[in-house]
Structures are given as structure tokens and as C-alpha cells.
Amino acid sequence: MRKSWILYLLMLCPASAAADDNVFTVATLNVDGLPTYIARIHINPDGPGGDTWLVGGYLARKGYDIIGVQENFNYDEELRTPLAETHDCGEWQGEINLGIGKIFDVLTLGGRFETDGLRLFWRKQHRLESEEMTAWRDSYGKFDHCWDAIVIKGFHRCEMTLGCGQRIVVYDMHMDASTDADEAAGRDQGDMNARRSQWIQLREEVLARLDDRPVILMGDMNSLYPRDSIQALFIDPINATGLYHVSDTWVEAEQGGRYPAVGSGDRNVAYANGEVLDKILYINPLHGTRLKLQAYRLETDYTHDDGTPMGDHYPVAATFSIEREASAISPVVTETPATIFSLDGSRRPRLLPGLNIVRDGKGRIRKVVSR
């Protein structure tokens with residue numbers, strides 16, 4: 001057996017926190033917490049199952065400041081317990097209900113398991129201010145195509161204050177998946193359409209609520225740049241506002257800021273290039289406090305003591321520093337007219353009915369509702 005109480009105790013000893021309060025780490029991980037059996041069918045033989053305490057111990061030992069997990073379904077206690085001494089956690093929608101009545105409802109009456117498998121953890125010196133859960137409008141495949149629609153996938157939006165006092169917004173999410181076989185056979189269009197809808201929904205949500213706080217978006221996006229129009233659907237429209245800038249940590253750290261072109265290959269080409277399905281993006285306001293990427297890591301040491309992986313995803317981690325805009329001496333600025341944008345980043349000649357994003361001549365940003 002892999003289980004060792006000595007190893008367990010070691011895992012409960014977290015890595016020391018960074019000495020610089022302006023530096024913090026984030027990580028995202030699909031913990032593969034599906035139940036091992038449903039109705040006596042062995043559905044998840046390669047998941048950690050009852051050994052999920054090892055996953056929690058690994059995350060505690062790493063000492064990440066903020067952790068977003070996905071597919072945290074039926075082994076939440078095993079995941080949470082090793083983290084409890086050092087981390088607090090947000091809301092959880094519960095496990096997959098394996099009661100006979102619920103299984104019958106899902107299999108025959110059109111029901112879904114009412115959970116999203118998402119949860120956020122953070123070190124105790126930080127503070128969660130608010131948390132909201134949102135389901136995707138569209139999902140594809142209930143008993144095929146990775147069974148995405150059998151649960152209620154979506155995203156959590158969390159407003160946080162770090163220990164140093166900096167306020168940020170964190171999104172944790174899980175998007176629709178595709179199988180290798182469906183993609184190779186050209187049967188994954190429904191999956192791609194679902195992800196397209198989800199990126200658009202995420203963009204609308206983010207644009208409607210951007211302010212002077214930096215934003216981190218992480219999770220199992222199940223998206224690859226050669227296959228999904230991430231840049232066109234999400235990144236470019238936000239950058240086009242002239243108010244904010246979106247970065248992908250992997251693209252920035254490993255690709256010199258160059259995004260792989262859509263259609264430049266299949267998932268095998270993406271994997272060979274070092275891209276993975278799990279991503280950490282971040283958004284900075286162009287004026288005020290910003291995040292600066294210090295490091296990006298694919299945590300390939302996420303293994304058992306015999307070297308075998310703990311799950312089918314490696315954690316993705318990033319280290320950020322907080323860069324505060326100098327304000328002691330301000331240069332003389334000639335006042336310029338306000339610039340007005342729509343939610344999709346298009347410039348407007350004047351205030352139009354609905355929500356407008358307005359940037360004044362001093363770079364200050366506000367939202368204006370016009371009727």
C-alpha cells in the first residue's frame with residue numbers, strides 16, 4: 001500500500017510562506033474526485049478515490065496561497081482535512097448523490113447531479129469577502145462526450161483581500177471536455193461549440209464587473225489555443241477596451257507572449273508545445289495596482305512515492321508580485337476627452353442605452369448606465 005503515516009505527517013507540514021507580503025502563489029488542479037463506483041459500475045478506476053488525502057497533503061505541503069480545484073465531488077473531506085490547519089475554504093456544492101432515486105432521475109427523467117465540483121482554498125492570512133456560483137448556459141453531452149451535462153458545470157467568482165491588504169478577484173471554473181477519439185474522428189464540434197459559448201459567457205461576466213482590482217482566472221478550461229478561439233473570444237475583446245490587459249501565464253512565461261494560432265494543430269501538437277488544458281490567466285487594470293508574473297510551473301512532481309501520477313492532471317501554479325503604481329509625484333497631464341466602450345470592447349461615439357465603460361482623461365474608469 002502507498003499509504004504511510006510518516007508520509008502523511010510530512011505532508012501536513014506546509015512550505016513556509018513567502019517572506020515578501022507582496023508575493024503570492026496560486027494553483028489550479030482537477031482532483032478527479034468522481035466516485036469510484038456508480039450503481040456497481042467501476043466508472044473511475046484511475047482516480048485517487050479514498051487516497052485523495054494524499055492530494056490534500058501534497059497541496060498543503062506546497063503551501064500555495066490560493067488553490068482552485070475542480071471535480072471535487074465525493075472525496076471533499078479527504079481533500080480538505082490535510083489543508084485545514086493552514087487553509088480556509090469556500091462554499092462547496094456537495095457530492096454526487098448516489099441514492100437510487102437520484103440515479104433513476106438522472107438516467108431516466110432528465111435530471112442532473114446538482115453539483116459543480118468547484119472549491120477555493122486560501123491560506124489563513126488572506127480573507128474571502130464574497131463568493132458567487134454561476135452555471136454555464138450551454139453544455140454538451142450527458143451520456144457521451146465526457147458526460148459534461150450530467151453535472152452542473154460553471155464558475156465561482158470570489159472577491160478576496162490578501163494578507164497585505166490588496167484586493168483581488170479570483171475565478172475558478174470547469175469547462176466542457178472533448179475526448180481524444182472524438183477529436184481525431186471530427187466528432188467534437190458539439191464540445192467546441194459548448195466551450196465557445198462558455199468563453200463568451202465568461203467574457204460578458206468579467207467585462208460587466210471589471211474595476212480597479214486585478215483578476216485571476218484559473219481552472220480546467222479543457223481548451224487549447226490551436227483548437228479553441230480563446231484569444232478572439234476572450235482576450236482580444238478585453239484588451240480592446242484600452243482599460244485592461246489580459247495575459248495567459250503559460251504564454252507569457254513559455255511562449256514569449258506569442259499565442260499559438262487557431263488551426264495550427266491538434267491536441268498532440270499543443271501538448272508537444274507544452275500547453276495543457278488547465279490554465280491561469282490574469283487581468284490587470286492599465287492604471288493602478290497590477291499583478292506581475294514571477295513564475296509559471298507545471299507541477300510534474302505531483303506523484304506517489306513510486307513515481308506514478310496522483311491523477312490525470314498535473315497542478316498548474318503561478319507566482320505573482322503586486323506592483324503598485326507610483327503616486328507620490330504625479331506628472332502634469334493635459335486633460336483629454338472621455339473614451340466610451342461597450343462591453344465587448346467596441347468604441348462608442350457617445351453614451352448609448354445600457355451599460356457603458358467610460359475612461360476619463362486621467363485614466364479613471366467608471367461604469368455608466370444610460371437609458
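In this text, all values refer to a predicted model and were calculated from it rather than measured experimentally.
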Fill in: Qualifying residue for side-chain contact (heavy atoms from CB on, under 4.5 Å) with Q70, from M221, R119, M173, H174
H174
Worksheet item: For Q231, which residues count as a side-chain contact (heavy atoms from CB on, under 4.5 Å) partner, sequence neighbours excluded?
Response: I235, D236, Y259
Worksheet entry | Non-neighbouring partners of Y314 that pass ring-ring contact (aromatic ring centres under 6.0 Å, His included), sequence neighbours left out | none
Discussion item. When you compare the side chains of E205 and Y171, does any donor N or O come within less than 3.5 Å of an acceptor on the partner?
Written reply: yes
Discussion item. Once side chain to side chain donor-acceptor pair (under 3.5 Å) is applied, do any residues pair with S342, and if so which ones, sequence neighbours excluded?
Written reply: D344
Discussion item. Just to verify, what does S139 make a side chain to side chain donor-acceptor pair (under 3.5 Å) with, not counting sequence neighbours?
Written reply: D176
Fill in: W136/F155 aromatic ring centres below 6.0 Å
yes
Fill in: For E252, all residues meeting side chain to side chain donor-acceptor pair (under 3.5 Å), sequence neighbours excluded
Y282
Worksheet entry | Side-chain hydrophobic cluster, 4.5 Å single linkage: members besides L109 | F104
Discussion item. Which residues end up grouped with W92 if you chain together Ile, Leu, Val, Met, Phe, Trp and Tyr wherever their side-chain heavy atoms are less than 4.5 Å apart?
Written reply: none
Response to the item:
Contacts satisfying salt bridge (charged side-chain N to carboxylate O under 4.0 Å, His left out) that involve residues 135-145 (not counting sequence neighbours) are R137-E204
Worksheet item: Would you call R167 and E129 a salt bridge, using N to O less than 4.0 angstrom?
Response: no
Worksheet entry | For Q189, all residues meeting side chain to side chain donor-acceptor pair (under 3.5 Å), sequence neighbours excluded | N193
Worksheet item: Who pairs with F121 by ring-ring contact (aromatic ring centres under 6.0 Å, His included), at least two apart in sequence or on another chain?
Response: none
Worksheet item: Which hydrophobic side chains are connected to Y140, either touching it within the sub-4.5 Å cutoff or through other members that do?
Response: none
Discussion item. Strictly distance-based, threshold 3.5 Å: is any side-chain N or O of T241 a donor or acceptor partner for the main-chain N or O of L243?
Written reply: yes
Worksheet item: Taking atom types as modelled, is there a side-chain donor on D191 or H145 under 3.5 Å from an acceptor on the other?
Response: yes
Practice prompt. Hydrophobic side-chain clustering at under 4.5 Å (ILVMFWY, transitive links): who's grouped with L224? Put none if nobody.
Written response: Y271, L277
Worksheet item: Once the angle between the rings of Y225 and W250 is folded into 0 to 90°, is it parallel (under 30°), tilted (30 to 60°) or perpendicular (over 60°)?
Response: parallel
Item to complete: Count the heavy atoms belonging to other residues, nucleotides or ligands that lie under 6.0 Å from CD of E114, then report whether that count exceeds 12.
Response: no
Discussion item. Please tell me whether Y58 and D301 have a donor and an acceptor in their side chains that are separated by less than 3.5 angstrom.
Written reply: yes
